[in-house]
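Structure record follows, encoded as structure tokens.
If you're wondering where the values come from, they're calculated on a predicted model, not measured in any experiment. Computed over heavy atoms, backbone and side chain alike; hydrogens, waters and symmetry mates excluded.
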Amino acid sequence: MSIANVLLVDDEVSFVETFSERLELRDFETSKAFSGEEALQVLEKNQNIEVVILDVRMPGMDGIETLAEIKRKNPLVEVMMLSGHADVESAIEGMKQGAFDYLMKPVDMDQIITKLTEAAAKKRQHEEKIIQARIKEITSRRA
């Protein structure tokens, strides 16, 4: 079993390919997208994705717009914003929109592994709470 199911979203193809390989060597399952629009399509098809690593600056639909759509359609999926540019405004906006964290490129692998593990655990805890609430609701109706 993998540590987490991760979607990498960045318009830099070489970054996504290399980063995906590095994560897979560490027992993460990865999917790839090279635009915000493609990321939304991948999420629609793959309901198992737990964490999205999302570049802030991309042509077309940027990271902040993509984050807003991800959270609207998949509120439990955790999103980690990633930027190669020190942009405090986008970091603040990303956090307001519900990003789990905001990291700068180049990313330290130990740091990203820790953050991915924490984000996946948070999503799983939320899912477990929802399941428990549904069980409680169903059993209370029968009582």
Checklist entry - What's the spacing between I70 CD1 and I49 CD1 if we round to 0.5 Å? => result 9.0 Å
Checklist entry - Are L25 and L23 joined in one hydrophobic group, where the rule is that I, L, V, M, F, W and Y side chains link up if heavy atoms are under 4.5 Å apart? => result no
Next on the checklist: Side chains of Q132 and E128: any donor to acceptor distance under 3.5 Å?
Outcome noted: yes
Next on the checklist: Consider side chain to side chain contact (heavy atoms under 4.5 Å, CB included). Of K122, E50, R124, which one does E78 pass it with?
Outcome noted: K122
Checklist entry - Does the distance from a Lys or Arg side-chain N to an Asp or Glu carboxylate O, for R72 and E69, drop under 4.0 Å? => result yes
Item to check | Salt-bridge criterion met for K32 and E17 (N-O under 4.0 Å) | outcome: yes
Checklist entry - What's the shortest heavy-atom distance between D11 and P59, and which atoms? => result OD2-CD, 3.3 Å
Checklist entry - Passes side chain to side chain contact (heavy atoms under 4.5 Å, CB included), E24 versus E29? Steps please. => result CA-CA 6 Å; E24 287 173 359; E29 188 171 323; over 6 Å; no
Next on the checklist: For residues V79 and M104: do they belong to one hydrophobic cluster (side chain heavy atoms under 4.5 Å, members Ile, Leu, Val, Met, Phe, Trp, Tyr)?
Outcome noted: yes
Checklist entry - Hey, mind stepping through L40 and E37 against side chain to side chain contact (heavy atoms under 4.5 Å, CB included) and telling me if it holds? => result CA-CA 5 Å; L40 296 173; E37 295 87 352; 5.8 Å; no
Checklist entry - Going hydrophobic residue to hydrophobic residue with side-chain gaps under 4.5 angstrom, can you get from L116 over to M109? => result yes
Next on the checklist: Membership question, hydrophobic clusters at under 4.5 Å side-chain separation (ILVMFWY): are I135 and L76 in the same one?
Outcome noted: no
Item to check | Whether K71 side chain and V77 backbone form a donor-acceptor pair below 3.5 Å | outcome: yes
Next on the checklist: In the structure I gave you, are the side-chain heavy atoms of V13 and F34 within less than 4.5 Å of one another anywhere?
Outcome noted: yes
Checklist entry - Between atom CE of M58 and atom OG1 of T66, what is the distance when rounded to the nearest 0.5 Å? => result 4.0 Å
Item to check | OG on S2 to CG on D27, rounded to 0.5 Å | outcome: 8.0 Å
Checklist entry - For V52 and V6, what are the C-alpha separation, side-chain angles and deciding distance, and is it a side chain to side chain contact (heavy atoms under 4.5 Å, CB included)? => result CA-CA 6 Å; V52 176; V6 180; over 6 Å; no
Item to check | E65 side-chain N/O to D62 backbone N/O, donor-acceptor pair under 3.5 Å | outcome: yes
Checklist entry - Below 4.5 Å, heavy atoms only, C-beta onward: do L7 and T30 meet side chain to side chain? => result no
Checklist entry - Going from CE on M80 to OH on Y102, what distance comes out if it is rounded to the nearest 0.5 angstrom? => result 12.5 Å
Item to check | Where R26 and R22 come nearest, the two heavy atoms and their spacing | outcome: NH1-O, 2.9 Å
Checklist entry - Any side-chain heavy-atom pair from Q111 and T114 closer than 4.5 angstrom? => result no
Item to check | Backbone N/O of E137 and side chain of S140: donor-acceptor pair under 3.5 Å | outcome: yes
Checklist entry - What do the steps show when you test L103 against I53 for side chain to side chain contact (heavy atoms under 4.5 Å, CB included), and what is the final call? => result CA-CA 10 Å; L103 302 171; I53 297 177; over 6 Å; no
Checklist outcome for this item: Between G94 and L67, the two heavy atoms sitting closest are O-CD2, 3.3 Å
Item to check | Separation between CG of L8 and CZ of F28, rounded to the nearest 0.5 Å | outcome: 10.5 Å
Item to check | For the student: nearest non-hydrogen atoms of G36 and V9, plus distance | outcome: N-CG1, 4.5 Å
Item to check | Ion pair check, D55 and K105, cut-off under 4.0 Å | outcome: yes
Checklist entry - Which heavy atom of S31 sits nearest a heavy atom of V42, and at what distance? => result CB-CG1, 4.1 Å
Checklist entry - Hey, what do you get for CG (L43) to NZ (K73), rounding to the nearest 0.5 Å? => result 9.5 Å
Checklist outcome for this item: A99 and M81 have their tightest heavy-atom pair at CB-CG, 3.7 Å
